[in-house]
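We count ligands from 1, going down the list as the structure has it; atoms in each ligand are counted the same way. Please read these numbers as outputs of a predicted model, since none were measured by experiment.
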Amino acid sequence: MLYLVTSNLNKFNEAKLILEEYRLTLQRLPIEKLEIQADTIQDISEYATKVILEQNKKEILVEDAGLFIDALNGFPGPYSSYIYKTIRCEGILNLLKSETKRTASFKAVLSYGRPKNEVISFLGEIKGQIVYSVRGSGGFGFDPIFKPNGSNKTFAEMSISQKNQFSHRMQALKQFAEWYVQ
Ligand code: ITT
């Protein structure tokens, strides 16, 4: 059985749907991952995976994601969780108030581990734009302000399956699934 360790039910629901396409059944381990402060989301994800594996003798997936805004030199990036909790989408829009360069990307590092084995990670990335005001009520986190390239809708204006056609999460999970089922 494969477990995604996440406190975020939306993240789990997206991932479950994606892995079903590969006939993989995902369960959720609803524990808070230990999120260290590090410069890369890969370090955060892999460290959390190792810590969880010490206490849970299971096959696990951990994902750390972040929003990287070009005009802010990649901020909030690895600090996305803290920034979302403190200034939300509105705070990001404020930081970009007089900025015309709106390009950004969402990245996700998905780490897979099982007891006594090396942790292996997969990176997913989607490029897009930060819109000028919050749009939509679906999704979670920064979804209302991020519009992927190739769409007129923000992630929050999409259904889960529409978001799953573009997302950083889908790209990381797709790579994992193709590696895992081979
Ligand atoms: P877990 O760490 O428990 O899995 P989390 O919600 O804290 O859940 P992350 O640390 O991976 O997830 O995410 C960092 C921040 O980025 C967090 O505030 C999320 O809301 C946001 N985020 C991650 N993926 C996102 C997505 O697909 N759409 C919008 N925001 C996202």
Greater than 12 external heavy atoms within 6.0 Å of Lys11's NZ: yes

Quick check on ligand 1: any N or O pairs to the protein under 3.5 Å? One line per pair.
{"from": "ligand 1", "atom 1": "2 (O)", "to": "Lys33", "atom 2": "NZ", "distance (Å)": "2.5"}
{"from": "ligand 1", "atom 1": "3 (O)", "to": "Thr6", "atom 2": "OG1", "distance (Å)": "3.4"}
{"from": "ligand 1", "atom 1": "3 (O)", "to": "Ser7", "atom 2": "N", "distance (Å)": "2.8"}
{"from": "ligand 1", "atom 1": "3 (O)", "to": "Ser7", "atom 2": "OG", "distance (Å)": "2.6"}
{"from": "ligand 1", "atom 1": "4 (O)", "to": "Thr6", "atom 2": "OG1", "distance (Å)": "2.6"}
{"from": "ligand 1", "atom 1": "4 (O)", "to": "Lys11", "atom 2": "NZ", "distance (Å)": "2.8"}
{"from": "ligand 1", "atom 1": "6 (O)", "to": "Asn8", "atom 2": "ND2", "distance (Å)": "2.9"}
{"from": "ligand 1", "atom 1": "10 (O)", "to": "Lys33", "atom 2": "NZ", "distance (Å)": "3.4"}
{"from": "ligand 1", "atom 1": "10 (O)", "to": "Glu35", "atom 2": "OE1", "distance (Å)": "3.3"}
{"from": "ligand 1", "atom 1": "10 (O)", "to": "Asp64", "atom 2": "OD1", "distance (Å)": "3.3"}
{"from": "ligand 1", "atom 1": "11 (O)", "to": "Lys11", "atom 2": "NZ", "distance (Å)": "2.8"}
{"from": "ligand 1", "atom 1": "11 (O)", "to": "Ala65", "atom 2": "N", "distance (Å)": "2.8"}
{"from": "ligand 1", "atom 1": "12 (O)", "to": "Lys11", "atom 2": "NZ", "distance (Å)": "3.2"}
{"from": "ligand 1", "atom 1": "24 (N)", "to": "Arg169", "atom 2": "NH2", "distance (Å)": "3.0"}
{"from": "ligand 1", "atom 1": "27 (O)", "to": "Lys163", "atom 2": "NZ", "distance (Å)": "2.7"}
{"from": "ligand 1", "atom 1": "27 (O)", "to": "His168", "atom 2": "NE2", "distance (Å)": "3.2"}
{"from": "ligand 1", "atom 1": "27 (O)", "to": "Arg169", "atom 2": "NH1", "distance (Å)": "2.9"}
{"from": "ligand 1", "atom 1": "28 (N)", "to": "Asp143", "atom 2": "OD1", "distance (Å)": "2.6"}
{"from": "ligand 1", "atom 1": "28 (N)", "to": "Lys163", "atom 2": "NZ", "distance (Å)": "3.3"}
{"from": "ligand 1", "atom 1": "30 (N)", "to": "Phe142", "atom 2": "N", "distance (Å)": "3.0"}

Would you say the side-chain atoms of Thr49 pair up with the backbone N or O of Ser45, donor to acceptor, closer than 3.5 Å? yes

Compute both the distance and the angle, then confirm whether Arg88 meets the cation-pi test with Tyr84: under 6.0 Å from the six-membered ring centre, within 45 degrees of the axis. yes

Check this for me: Lys57, atom NZ, are more than 12 non-hydrogen atoms of other residues, nucleotides or ligands nearer than 6.0 Å? yes

Examine Tyr180 together with Phe176 and report whether their ring centres are nearer than 6.0 Å. yes

Taking only residues two or more places apart in sequence or in another chain, which ones pass side-chain hydrogen bond (donor to acceptor under 3.5 Å, both in side chains) with Ser121? Glu46, Ser111

